[in-house]
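Bear in mind that the values here come from a model prediction, so they are computed numbers and not experimental data.
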Amino acid sequence: MFENINFGKGINKKYIDFNVNKDIPLKDQIDLLKEDLLQVSYDNNYIIDMGWYPEFDREGNFEIYIIKDNRWDNPILHKKCKDLDLLNEYIYECIKLIESKAK
């Protein structure tokens, strides 16, 4: 789902381990819902981080963070959802926000 997304310029590292199938209910893929699903690091010290919290828990959520300068205790952005379409929107929102900071 995220392999073909253009995450913008200045990518330092990209990690994607997202194998969730959009056509199968999330509750039937719980074994794929872990904390480390996606992380994109940028040259300007921003990070997009996304995972499922709590890991492997049916009651969990996708959580998306933007981190600046490794300040994990003070994220620039933090959003939660259970919907894959909304998750995709949030990822694009993160990319746009980071691109606006790079200018």
Side-chain angles (χ1 to χ4, degrees):
M1 181 171 160
F2 297 112
E3 288 79 12
N4 297 323
I5 287 182
N6 178 356
F7 284 94
K9 297 179 182 174
I11 294 175
N12 187 315
K13 285 191 264 179
K14 182 167 58 170
Y15 169 84
I16 301 173
D17 189 15
F18 191 87
N19 299 308
V20 174
N21 185 326
K22 193 173 183 172
D23 299 322
I24 299 172
L26 288 176
K27 65 181 178 68
D28 296 333
Q29 303 181 77
I30 202 68
D31 57 326
L32 299 175
L33 300 176
K34 56 188 180 173
E35 289 183 3
D36 298 324
L37 294 172
L38 178 142
Q39 190 173 87
V40 180
S41 301
Y42 292 85
D43 293 335
N44 61 359
N45 295 321
Y46 281 92
I47 296 171
I48 298 173
D49 187 77
M50 187 268 291
W52 183 267
Y53 298 89
E55 192 170 51
F56 309 122
D57 187 330
R58 290 183 195 275
E59 301 302 316
N61 292 286
F62 291 110
E63 294 196 32
I64 304 97
Y65 294 87
I66 294 179
I67 306 299
K68 173 73 170 155
D69 297 327
N70 283 317
R71 296 188 61 206
W72 291 89
D73 57 333
N74 189 22
I76 302 293
L77 178 138
H78 177 213
K79 296 203 174 202
K80 297 181 182 184
C81 69
K82 289 188 183 207
D83 179 85
L84 291 174
D85 289 328
L86 189 54
L87 177 64
N88 198 46
E89 285 180 35
Y90 287 163
I91 292 294
Y92 277 107
E93 182 180 331
C94 291
I95 294 166
K96 287 181 185 176
L97 182 65
I98 291 171
E99 284 178 342
S100 75
K101 302 291 185 185
K103 295 178 181 179

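Side-chain contact between Glu63 and His78 is present, with heavy atoms from C-beta onward closer than 4.5 Å. Within the 4.5 Å cutoff, the side chain of Leu38 has no heavy atoms near those of the Tyr15 side chain. The closest side-chain heavy-atom distance from Asn88 to Phe2 is below 4.5 Å. Using a 4.5 Å heavy-atom cutoff, the side chains of Asn70 and Ile47 are in contact. Residues Ile64 and Glu93 fail the side-chain proximity criterion, which asks for heavy atoms closer than 4.5 Å. In this structure, the side chains of Asp49 and Trp72 come closer than 4.5 Å at one or more pairs of heavy atoms.
Around the CG atom of Asp73, the shell of radius 6.0 Å holds more than 12 heavy atoms that belong to other residues, nucleotides or ligands. With a 6.0 Å radius and a threshold of 12 heavy atoms from other residues, nucleotides or ligands, Lys82 has its NZ atom above the threshold.
One finds a salt bridge joining Asp85 and Lys22 here, because a Lys/Arg side-chain nitrogen approaches an Asp/Glu carboxylate oxygen to under 4.0 Å.
The distance from atom OH of Tyr90 to atom CD1 of Ile95, rounded to the nearest 0.5 Å, is 15.0 Å. Tyr42 OH to Ile98 CD1: the interatomic distance, rounded to the nearest 0.5 Å, is 4.5 Å. Ile76 CD1 to Asn74 CG: the interatomic distance, rounded to the nearest 0.5 Å, is 6.5 Å. One finds the CD atom of Glu89 at 8.0 Å from the CG atom of Asp83 (value rounded to the nearest 0.5 Å).
For Glu3 (side chain) and Ile16 (main-chain N/O), no donor-acceptor pair under 3.5 Å exists by modelled atom type. In terms of modelled atom types and a separation under 3.5 Å, the side chain of Glu55 and the main chain of Glu35 share a donor-acceptor contact. Remark: side-chain polar atoms of Asn21 are paired, donor with acceptor, to backbone N or O of Asp23 under 3.5 angstrom. Side-chain N or O atoms of Lys79 include none that pairs as donor or acceptor with a backbone N or O of Phe62 at under 3.5 Å. A donor-acceptor pair under 3.5 Å is absent between the side-chain atoms of Tyr46 and the main chain of Leu97, judged by distance alone.
In terms of heavy atoms, Pro54 sits closest to Gly60 at CD-CA, 3.8 Å.
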